[in-house]
Amino acid sequence: MSPVNTPDPNKLSYDELSRLCKELQDRVTRGISTQQQLISIKNELDQELNRFKIIQDFSKEGLFQDSIEDFATIATEYFIQAFQQPHCLFAEYRDEGDLKPIGQFGFSQMPIPEVLPILISDLPEREGFLLGEHPEFKSKLAFLELEDALVAPMYRPDNSFYGLVVSGQQKADQRFYAPINPKDRHAFTVMATKASYLMYNFRTNELLKQEIKERRRMEQMLEAKANDLLRSNADLEQFAYVVSHDLKAPLRNVQGFADLLRRDQSAFSPSNREYVDMIWDEVKRFSDIIDALLRYARVSTSSIQDMKEVDFQQLVYNIEGQLSLTLQQRKAQLHYQNLPAVQANYRQMQQLLQNLIINAIKFTPDGRMPFIHLEAEPTPNGYRFAVKDNGIGLRPADQKRIFGLFQRADREQQFEGNGLGLSICKKIVEQHKGKIWVESEGPGKGSTFFFTLPEKQSED
């Protein structure tokens with residue numbers, strides 16, 4: 001009897017071996033595909049890291065250019081390097097509404113217009129896009145002869161349109177360059193955003209440099225004017241010396257001889273005596289004018305020195321004592337209270353108020369008791385003082401004129417004076433960085449002289 005062949009339970013059948021081989025083949029295929037995907041992802045990451053490094057290098061180098069054109073040229077070179085395209089155009093949107101190319105790479109043989117024929121409303125997207133996907137926009141850039149390109153608008157920090165950057169390839173370039181990857185739009189937008197911020201900072205720095213340059217120019221001008229003023233003041237001081245010595249010396253001689261003639265008039269006829277008195281009066285008037293000019297010159301040549309806190313209440317009280325005889329003779333009333341303390345030159349403030357008070361008394365008609373009222377009220381920067389009188393008043397046409405040298409109102413001609421007192425007042429107030437003016441309702445209705453003073457004097 002022959003033995004029976006029984007199947008080996010550990011031995012695989014042909015179908016099972018085929019199935020296992022197919023599964024193994026699928027796993028190997030999937031492994032290779034996964035490896036290729038990983039290599040592709042790695043390449044993309046390397047490319048993005050390289051672009052990030054390029055953007056960082058661009059950020060460091062971009063701001064240290066001498067001009068905006070140099071900045072734009074550097075920008076195009078970095079865009080070319082980052083996205084491996086042979087052509088790039090960089091344009092800035094100016095305040096006048098023009099989109100002006102300021103940098104380009106690879107278009108040296110192309111006739112690029114000075115202003116691109118593109119409006120903000122022509123932009124199909126706010127972020128980066130492919131030129132080939134927007135034929136209408138592509139037609140506006142036809143002079144560049146680009147088959148396709150990455151395009152991104154640029155914006156200022158306030159999101160206003162600031163410019164445009166285009167980087168792509170012409171038809172002849174497609175033999176040597178791979179088609180543009182649509183995935184690069186995001187990275188192109190990021191780099192365009194960085195470029196716009198750098199351009200904004202560059203322009204801001206330009207304005208700051210220009211402002212610094214202008215300030216230095218103004219400082220030089222002010223320094224030159226200050227030197228001129230010092231020379232002018234020296235000339236005025238010399239003039240004051242000449243007036244006080246050389247001019248007054250012969251005048252004193254004339255005045256002395258006129259005085260001798262006045263003492264012995266026995267041999268003179270009445271008309272000759274009248275002539276001698278006229279000579280004496282005119283010489284005295286001329287001497288008063290010279291003295292007034294000297295006071296004006298001293299005010300003009302003196303810088304604001306000896307600044308200290310001046311108590312105006314006490315100052316007016318002192319002036320009232322000095323003018324007590326004049327006040328009594330004219331039966332004048334001087335009212336003041338709660339006057340402030342202000343930083344000023346004491347002697348000049350004394351001369352200012354004394355001139356105004358004396359004018360108020362002098363220009364009050366005989367038969368009318370002079371009434372002078374002084375007050376002060378605070379202003380945002382200091383105080384506004386007012387000296388009010390009940391004198392002859394002023395016409396509107398005279399209210400500015402009377403502060404000029406030797407200028408007097410028509411109705412003042414009947415009163416003594418040389419027309420320099422208010423000029424001195426104006427000079428004093430202006431040297432203290434204040435203003436002076438007068439208001440009057442008209443002839444016969446009195447006047448109010450106002451002047452302002454800052455609470456503290458600055459050093460400049």
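Quantities reported herein were computed from a predicted structural model and do not represent experimental measurements.
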Counting only pairs under 3.5 Å, give me each side-chain donor-acceptor contact of residues 105-129, with atom names and distances, residues two or more places apart or in other chains.
residue, atom, partner, partner atom, Å
Asp122, OD2, Leu119, N, 2.8
Glu125, OE2, His134, NE2, 3.1

Donor-acceptor list for residues 441-451 side chains, cut-off 3.5 Å, not counting sequence neighbours:
none

Determine all donor-acceptor pairs shorter than 3.5 Å in which one atom belongs to a side chain in residues 92-103; sequence neighbours excluded.
residue, atom, partner, partner atom, Å
Glu92, OE1, Arg94, NE, 3.0
Glu92, OE1, Arg203, NH2, 2.8
Glu92, OE2, Arg203, NE, 3.0

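Counting heavy atoms from C-beta outward, Asp389 and Pro370 have side chains that stay 4.5 Å or more apart. Side-chain contact between Val310 and Gln343: absent, with no pair of heavy atoms (C-beta onward) separated by less than 4.5 Å.
Evaluation of the side-chain contact (heavy atoms from CB on, under 4.5 Å) rule for Glu211 yields Leu208, Arg215 as partners, not counting sequence neighbours. By the side-chain contact (heavy atoms from CB on, under 4.5 Å) test, Pro157 pairs with Tyr197, Tyr200, sequence neighbours left out. Listed by chain and residue number, nothing satisfies the ring-ring contact (aromatic ring centres under 6.0 Å, His included) test with His186 (two or more places apart in sequence, or in another chain). Contacts of Glu214 classified as salt bridge (Lys or Arg N to Asp or Glu O under 4.0 Å), with partners at least two apart in sequence or in another chain: Arg217. The ring-ring contact (aromatic ring centres under 6.0 Å, His included) search around Tyr78 returns Phe58, not counting sequence neighbours. Under the side-chain contact (heavy atoms from CB on, under 4.5 Å) criterion, Thr379 pairs with Arg384, sequence neighbours left out. Residues passing the salt bridge (Lys or Arg N to Asp or Glu O under 4.0 Å) test with Lys426 are Glu430, sequence neighbours excluded. Evaluation of the side-chain contact (heavy atoms from CB on, under 4.5 Å) rule for Gln314 yields Asp311, Tyr317, Asn318 as partners, not counting sequence neighbours. Contacts of Phe188 classified as ring-ring contact (aromatic ring centres under 6.0 Å, His included), with partners at least two apart in sequence or in another chain: Phe79, Phe83.
Side chains of Thr364 and Arg368: a donor-acceptor N/O pair is absent below 3.5 angstrom, by distance only.
Ring pair Phe371/His373 is parallel by interplanar angle, where below 30° counts as parallel and above 60° as perpendicular.
Between Leu374 atom CG and Gln313 atom CD the span is 9.5 Å, to the nearest 0.5 Å.
A 6.0 Å sphere centred on NZ of Lys138 holds more than 12 heavy atoms belonging to other residues, nucleotides or ligands.
Proximity of a side-chain donor or acceptor of Ser324 to a complementary backbone N or O of Glu320 within less than 3.5 Å is not detected.
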Check your understanding: Where do Arg185 and Glu133 land on the salt bridge (charged side-chain N to carboxylate O under 4.0 Å, His left out) test, with the steps shown first?
Key -> CA-CA 12 Å; Arg185 289 180 297 184; Glu133 294 179 354; 3.6 Å; yes

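Arg395 and Asp398 are joined by a salt bridge, as a carboxylate oxygen and a charged side-chain nitrogen come within less than 4.0 angstrom of each other.
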